[in-house]
S.K.: 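This is the structure, below, for whatever I ask next.
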Number of protein chains: 2
Amino acid sequence: MAKPTQPVRGRPKQSSSVPLTGTSELDRDSDVPLYFQLAAALKAMLEVDEWEAGARFASERELEEQFNVSRAVIRPALELLVGDGAIVRVKGSGAFVAPPRREVRVGGLVGLWSEQHGDRTVTVLSARKRRPDRTVSHFLQIEDRRTPVAHVHAVVDIGKPSVILVDSFSSVALVPWLLPTARALESAEKPPRPSGLGLTRATVSIEHTFFGEWGSSQVGASAGDPALMGRFVQFARARGAREECPVEFARLIYRADGAQLAFELS
Amino acid sequence: MAKPTQPVRGRPKQSSSVPLTGTSELDRDSDVPLYFQLAAALKAMLEVDEWEAGARFASERELEEQFNVSRAVIRPALELLVGDGAIVRVKGSGAFVAPPRREVRVGGLVGLWSEQHGDRTVTVLSARKRRPDRTVSHFLQIEDRRTPVAHVHAVVDIGKPSVILVDSFSSVALVPWLLPTARALESAEKPPRPSGLGLTRATVSIEHTFFGEWGSSQVGASAGDPALMGRFVQFARARGAREECPVEFARLIYRADGAQLAFELS
DNA sequence: TAGTGGTCTAGACCACACT
DNA sequence: GTGTGGTCTAGACCACTAA
């Protein structure tokens, strides 16, 4: 099949595909797998000629032809590029050069709503009181498991196409304003002012997972996509109190591609 | 092929494979891909009967038979479990139930060697002065790029089979003891005492990548394996000084499976 | 020497997104 | 209607591991 220099009938082959320039030789005698060689070659091409974000990337069938390998080589190579944040793949449409990674601050809802973060849009999915499970009661240091905690499930928009899933558990006694705030956002009313609470420190742990069926649909990913999960515990000192105590435990799910989690340590 | 209840000749099929219990039905009419259903089913089995770390997992050919799917379904499913830290695959040997994730503290060599961390074994791969590149001079706030910085490349052992790759750049003027310390470790001599330096805060950013050919061999992974990259900047106040300044910029590479990065935020 | 995971081929069908 | 990525089949060969 000859490669047309002019758009063809039907859907034009969008001639601007990224890696159609340069040589395209893979070493079949090497110990390095073909798919890894291919990923390295494509990544190098992307870095040399700096393509703008959104530029069309070669289709898998084009790459098949150009590098003389089967799609079982192409696909893992492209998966590496996706995991590396270099390209984005859109079903039915094609692959595109990805925008640079966004820096994302990690935090819970208490911190988000205590301070002024007008640029963050929060969509509350559910907000209700709940009996804590073992994990939650452990992190919030709740001894009597019958004491209900505030459970808010929300999506935090962090700009353009990207969002975070937040699963926040907080002490009703210490942060009484959080549930009303969440409910006000749910019904698009004016939220109450948060009461003064001296936030002290927080702990975070990050690990790699993948999206489940439900989470993926919320953030516009698909099931199985790589994700970063953060466990976040916010500590605070109540007004006039001497000792600090945990006020919020949150699980946060980020898309692994496109995000760069940032913190400041003490 | 009948499944033997007793070990067979040659290499016995190690009858203790994990997911050979329970039903094994996948819904071929579902929208959810088979490989994802399979991963979810296997994960559920692992969680229900708590298998001890190191227990043998069913082989890919066994799973093929049991679930009536091709290996192109099995493999992505197992990849999900690996990325989730649930199993470990060993080439030529089989798959095994993974140990729980280790909590790993993120930090640079200045912090590591300033404090007493006798339990961490550091293997210095190289230690020398260098002209900083653009990234390094930016983070260390070095204006004259001809000023050399200390560059230490090291592997930090964080227990059992797991290590971190560290690429540390530090100011020679502010941390003069770091290079001698690294060189002493290289030649197995006694390191000098680090001078007092008031470490203040640090910034971290984490993102998802994959191992290159070189890095993977150092940490016992293979090229293309998922990894977490941390960028770490340590700030400090020199003795008697008023203002803090960056003293170390480090790139850290972790295996994404098996590690859980932990911090404390201020 | 048999079994294992790692890699790769050469096909196929689908739902989706464009034109 | 055509091209796209997503999924899946049914094979194959390899290097490696353990009995």
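Letters A, B, ... mirror the listed sequences (proteins, then strands); counts begin at 1. All values derive from a computational prediction rather than experimental measurement.
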S.K.: Expressed in angstrom and rounded to an integer, what is the separation of B/L63 atom CG from C/dG3 atom P?
M.R.: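 Interatomic distance, CG of B/L63 to P of C/dG3: 16 Å.
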
S.K.: Not counting sequence neighbours, which residues clear side chain to side chain donor-acceptor pair (under 3.5 Å) with A/R251? List them please.
M.R.: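 For A/R251 there are no side chain to side chain donor-acceptor pair (under 3.5 Å) partners, ignoring immediate neighbours.
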
S.K.: Sequence neighbours excluded and cut-off under 3.5 Å, please list the side-chain donor-acceptor pairs for residues 204-212 of chain A, or say none.
M.R.:
| unit_1 | atom_1 | unit_2 | atom_2 | d |
| --- | --- | --- | --- | --- |
| A/E207 | OE1 | A/R231 | NH2 | 2.9 |
| A/E207 | OE1 | B/Q260 | NE2 | 2.6 |
| A/E207 | OE2 | B/R101 | NH1 | 2.9 |
| A/H208 | ND1 | B/G83 | O | 3.1 |
| A/H208 | NE2 | B/H208 | NE2 | 3.2 |

S.K.: Rounded off to whole Å, could you give me the CG-to-P distance for the B/L26 and D/dT7 pair?
M.R.: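 Atom CG in B/L26 sits about 15 Å away from atom P in D/dT7.
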
S.K.: Taking atom C1' of D/dT7 as reference, at what distance in whole Å does atom CD1 of A/I74 sit?
M.R.: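 Taking atom C1' of D/dT7 as the reference, CD1 of A/I74 is at 17 Å.
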
S.K.: Would you kindly give the CG-to-C1' distance between A/L80 and C/dT7, to the nearest whole Å?
M.R.: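 One finds 14 Å between C1' of C/dT7 and CG of A/L80, rounded.
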
S.K.: Considering non-hydrogen atoms only, spot the tightest contact between B/L80 and A/G224 and give its length.
M.R.: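 The answer is CD2-O, 3.5 Å.
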
S.K.: Can a side chain N or O of A/S59 be found less than 4.0 Å away from OP1 or OP2 on D/dG3?
M.R.: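 For A/S59, the contact criterion (side-chain N or O under 4.0 Å from OP1 or OP2 of D/dG3) is not met.
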
S.K.: Return each pair, listed once, that meets salt bridge (charged side-chain N to carboxylate O under 4.0 Å, His left out) where at least one residue sits in residues 80-89 of chain B; pairs must be two or more places apart or across chains.
M.R.: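 Non-adjacent pairs meeting salt bridge (charged side-chain N to carboxylate O under 4.0 Å, His left out): B/K43-B/D84, B/E60-B/R89, B/E79-B/R89.
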
S.K.: Just verifying a value: how many Å separate A/L109 CG and A/H153 NE2, rounded to the nearest 0.5 Å?
M.R.: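 Interatomic distance, A/L109 CG to A/H153 NE2, rounded to 0.5 Å: 11.0 Å.
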
S.K.: Distance check needed: C/dG3 C1' versus B/F57 CZ, whole Å only.
M.R.: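 Rounding to the nearest Å, CZ of B/F57 and C1' of C/dG3 are 17 Å apart.
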
S.K.: If the condition is side chain to side chain contact (heavy atoms under 4.5 Å, CB included), which residues does A/D27 pass it with, not counting sequence neighbours?
M.R.: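 Scan of A/D27 (side chain to side chain contact (heavy atoms under 4.5 Å, CB included), adjacent residues dropped) gives A/D29, A/S30, A/Q37.
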
S.K.: Between D/dC8, C/dG5, D/dT4, which nucleotide gets closest to the side-chain atoms of B/L34?
M.R.: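 Out of D/dC8, C/dG5, D/dT4, the nucleotide with an atom closest to B/L34's side chain is D/dC8.
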
S.K.: When you check the phosphate oxygens OP1 and OP2 of C/dG5, does a side-chain N or O of B/R75 lie under 4.0 Å from one of them?
M.R.: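 Answer is no, no contact under 4.0 Å.
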
S.K.: Looking only at side-chain N and O atoms, does B/Y35 come under 4.0 Å of OP1 or OP2 in D/dT7?
M.R.: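 It does, given that an N or O in the side chain of B/Y35 lies less than 4.0 Å from OP1 or OP2 of D/dT7.
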
S.K.: What residues, two or more places apart in sequence or in another chain, satisfy side chain to side chain donor-acceptor pair (under 3.5 Å) together with B/S126?
M.R.: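 Side chain to side chain donor-acceptor pair (under 3.5 Å) check on B/S126 returns nothing, list empty.
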
S.K.: Taking CZ from B/R56 and C1' from D/dT17, how many angstroms apart are they, rounded to a whole number?
M.R.: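 Atom CZ in B/R56 sits about 10 Å away from atom C1' in D/dT17.
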
S.K.: Identify all stems in which DNA chain C takes part, counting only runs of at least 3 consecutive pairs (Watson-Crick or G-U wobble, each distance under 3.5 Å), and give each as one range with another, ordered by first number.
M.R.: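 Stem list for DNA chain C: C:1-18 with D:1-18.
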
S.K.: Looking at residues at least two apart in the chain, or sitting in another chain, which of them share a side chain to side chain contact (heavy atoms under 4.5 Å, CB included) with A/R28?
M.R.: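 Scan of A/R28 (side chain to side chain contact (heavy atoms under 4.5 Å, CB included), adjacent residues dropped) gives A/L34, A/V69.
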
S.K.: My understanding is that only residues two or more places apart in sequence, or in another chain, count here; which of them pass side chain to side chain contact (heavy atoms under 4.5 Å, CB included) with A/A127?
M.R.: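 A/V124, A/V152, A/L179, A/A182, A/R183, A/E186.
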
S.K.: Quick one, give me the B/S/- string for nucleotides 10-16 of chain D, reading 5' to 3', where B means a protein heavy atom under 4.0 Å from the base and S means that only happens at the primed atoms, P, OP1 or OP2.
M.R.: --B---B

S.K.: Could you pick out which residue, B/N68 or A/S222, lies toward the 5' side of DNA chain D when each is mapped onto its nearest nucleotide?
M.R.: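 Closest to the 5' end, via its nearest nucleotide, is A/S222.
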
S.K.: Starting from C1' on C/dC14, measure out to CZ on B/R28 and report it in whole angstrom.
M.R.: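 Going from B/R28 (CZ) to C/dC14 (C1'), I get 14 Å.
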
S.K.: In this structure, how many angstroms lie between the P atom of D/dG5 and the CG atom of A/L78, rounded?
M.R.: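 Rounded to whole Å, this separation is 8 Å.
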
S.K.: From the set C/dG6, D/dT7, C/dT9, return the single nucleotide nearest to any side-chain atom of B/E60.
M.R.: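 For B/E60, the side-chain atoms sit closest to C/dG6.
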
